[in-house]
Amino acid sequence: METPPPWRVLEFYSGIGGMRYSLASSGVRAEVVEAFDINDVANDVYEHNFGHRPCQGNIQTLTAGDLDKYKAHAWLLSPPCQPYTRQGLQKHSADARAFSFIKILNLMQNMSFPPQMLFVENVVGFEVSDTHDQLLAVLSTLSFNTQEFILSPLQFGVPYSRPRYFCLAKQESMCFPNPSVNDKLLRTPTCLTLNTTRTQNSYDQNEDDLEVVCNPIRNFLEAQSIGDKESSAIISDFKEADGCTPIETASHDYTVPLSLIERWGNAMDIVYPESKRCCCFTKSYYRYVKGTGSVLVTSKSLKPVPKENLEMSSLSELGLRFFTPREVANLHSFPPSFRFPDQISLRQQYAMLGNSLSIAVVAPLLCYLFAET
């Protein structure tokens, strides 16, 4: 029997390649025929890892004819999240950063070869925006069925609290594997076809309960950063058992300065290598310490204690450091082969990782979306 050709995919807001890595990890028979991103630095990283430079320019300049020529079966989109974040102005569709996504939605209605499948990722809060209403209205007009999710890496065994909104859409002629949840917003991935040894019941637990099924943060750290030979051996064994090579040594000093500890210590989210949860890393991580992501305890002389029981004098003894960019990439489930080009500054690395997505979550969602029934 002849193997059918791969699905043709367009990748919008491609960033540093999280969506493309997710597609590869999903095992879906697909090829990215074009990627689009306006950020020159992100495109440098994408090209460095995939050997293909995304089409750089304002998506708002695209026409229906421009997109028709690709005859893509699926569109993957991770549009700017700033219009919908709790910390932002929440202007939604009135925010200029939302204009390009709305333009894409409008183009779909004027195309000769519109996509048959759509995948949209954004922050929690998008689902109550007027942009979300426009998305569902366009998809309804074009006879798409939708299934929506709010999911976190914690539900997939990764000790990383990063809940995100996802919309999966397929034309009515293409059924979802589980059509009973069409038009619903789900907060557990129970309906997904996942290759996992964990029980489905674990997905129904809340975040606090999920910590018990997560791998410890230790498993996502660079080997030399743990600080002792025994731990380094553990990490190397873990990586090699996963078919990966031990991760490269960091060359920067990631120690949290004492001045920051004295000023912001009470506001920091402090985690240990044994912890099974850390906070979401934002694009401002390493520049700021309040609300931008967790910091790691490196001291071996102190046993883990609840943060509320820590005195300010004790904080300076914890050996606090920032997670390295490679470790943040690990918690996003990027493969060991992922690299930043040499010219990308440390601040830029953190910023782009903060804007990226969790492959551990997106890959099974894409596998589910592309499943043929």
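Computed from heavy atoms alone, side chains included, the values below leave out hydrogens, waters and symmetry copies.
Distance check: Ile59 CD1 to Leu107 CG gives 10.5 Å after rounding to the nearest 0.5 Å. Taking CG from Leu366 and CZ from Phe119, the interatomic distance works out to 5.0 Å, rounded to the nearest 0.5 Å. Between the CG atom in Leu142 and the CD atom in Gln116 there is a gap of 12.5 Å [rounded to 0.5 Å]. The structure places CG of Leu357 at 10.0 Å from CG of Leu76, a figure rounded to the nearest 0.5 Å. The distance from atom SG of Cys191 to atom CG of Leu186, rounded to the nearest 0.5 Å, is 5.5 Å. Separating the NZ atom in Lys290 from the CE atom in Met268 is a distance of 11.5 Å, to the nearest 0.5 Å.
Between Val158 and Ser358, the closest side-chain pair of non-hydrogen atoms is not below 4.5 Å. By the 4.5 Å heavy-atom criterion applied to side chains, Phe334 and Val328 are not counted as neighbours. Contact of the Pro54 side chain with the Phe36 side chain is not registered, since no non-hydrogen atoms from C-beta on lie closer than 4.5 Å. Using a 4.5 Å heavy-atom threshold, the side chains of Arg277 and Leu154 count as touching. Side chains of Trp75 and Met108 form a contact here, defined as non-hydrogen atoms less than 4.5 Å apart. Leu320 places a side-chain heavy atom less than 4.5 Å from the side chain of Val297. Annotation: side chain of Leu192 is in contact with side chain of Phe149 (closest heavy-atom distance under 4.5 Å). Phe338 is listed as a side-chain neighbour of Ile16, based on a closest heavy-atom distance under 4.5 Å.
A donor-acceptor pair is defined here as one N or O able to donate and one able to accept, closer than 3.5 Å; such a pair exists between the side chain of Arg8 and the backbone of Tyr70. The backbone N or O of Phe126 lies less than 3.5 Å from a partner atom in the side chain of Ser129, making a donor-acceptor pair. Remark: side-chain polar atoms of Lys300 are paired, donor with acceptor, to backbone N or O of Thr298 under 3.5 angstrom. At distances below 3.5 Å, not a single donor-acceptor pair connects side-chain atoms of Ser152 with backbone N or O atoms of Gln155. Of the possible polar contacts, none joining the Asn43 side chain to the Asp40 backbone as a donor-acceptor pair under 3.5 Å is found. Formation of a donor-acceptor pair under 3.5 Å by the Ser275 side chain with backbone atoms of Tyr272 is found in this model. Asn145 places no side-chain N or O within 3.5 Å of a backbone atom of Cys175 that could act as its donor or acceptor partner. No donor-acceptor distance shorter than 3.5 angstrom exists from the side chain of Ser284 to the backbone of Arg287, with no hydrogens or angles considered. Arg29 places a side-chain N or O within 3.5 Å of a backbone atom of Pro5 that can act as its donor or acceptor partner. Side-chain atoms of Ser299 do not come within 3.5 Å of backbone N or O of Gly319 as any donor-acceptor pair.
Val124 and Leu185 fall within a single hydrophobic cluster, where Ile, Leu, Val, Met, Phe, Trp and Tyr are joined by side-chain heavy atoms under 4.5 Å apart, directly or via other members. Transitive grouping of hydrophobic side chains (ILVMFWY, heavy atoms separated by less than 4.5 Å) keeps Val32 and Ile38 in distinct clusters.
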Side chain to side chain contact (heavy atoms under 4.5 Å, CB included) between Met352 and Ile344: does it pass, once the steps are laid out? CA-CA 10 Å; Met352 287 183 287; Ile344 307 300; 3.6 Å; yes

Pair Asn58-Phe99, side chain to side chain contact (heavy atoms under 4.5 Å, CB included): steps then yes or no: CA-CA 10 Å; Asn58 194 332; Phe99 292 172; over 6 Å; no

Determine, step by step, whether Ser78 and Phe12 satisfy the side chain to side chain contact (heavy atoms under 4.5 Å, CB included) criterion, reporting the C-alpha distance in whole Å, the side-chain angles of both residues, the deciding distance to 0.1 Å, and the verdict. CA-CA 7 Å; Ser78 185; Phe12 296 90; over 6 Å; no

For the pair Tyr350 and Thr292, evaluate side chain to side chain contact (heavy atoms under 4.5 Å, CB included) and give the outcome as yes or no after the intermediate values. CA-CA 11 Å; Tyr350 282 119; Thr292 62; over 6 Å; no

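Side-chain rings of Tyr286 and Phe281 stay apart, their centers remaining 6.0 Å or farther from each other.
For Lys69 and Glu34, the salt-bridge test fails: no basic side-chain N is under 4.0 Å from an acidic carboxylate O.
Surrounding CZ of Arg53 are more than 12 heavy atoms belonging to other residues, nucleotides or ligands, all under 6.0 Å away.
With hydrogens and angles left out, the side-chain atoms of Asp37 and Gln56 include no donor and acceptor closer than 3.5 Å. Using modelled atom types, one finds a donor on one side chain and an acceptor on the other under 3.5 Å when comparing Tyr368 with Gln147. A donor atom on one side chain and an acceptor atom on the other are not found under 3.5 Å apart for Glu327 and Tyr254. Between the side chains of Tyr13 and Ser100, at least one donor-acceptor pair of N or O atoms lies under 3.5 Å.
Here the closest non-hydrogen pair linking Asn106 and Asn110 is O-ND2, 3.3 Å. Listed here is the closest heavy atom pair of His332 and Leu353: NE2-O, 3.3 Å. Of all heavy-atom pairs between Leu258 and Ser316, the closest is CD1-CB, 3.7 Å. The two residues Leu331 and Cys278 have their closest heavy-atom pair at CD1-SG, 3.8 Å. The two residues Pro273 and Leu221 make their nearest non-hydrogen contact at CB-CD1, 4.3 Å. In this structure, Leu118 and Leu139 approach most closely via the heavy-atom pair CD2-CD2, 3.7 Å.
In this structure, Arg20 forms no cation-pi arrangement with Tyr46, as its terminal cationic atom is not both closer than 6.0 Å to the ring centre and no more than 45° off the ring axis.
With respect to His73, the ring-ring contact (aromatic ring centres under 6.0 Å, His included) criterion is satisfied by exactly one of Trp7, Phe370, Phe113: Trp7.
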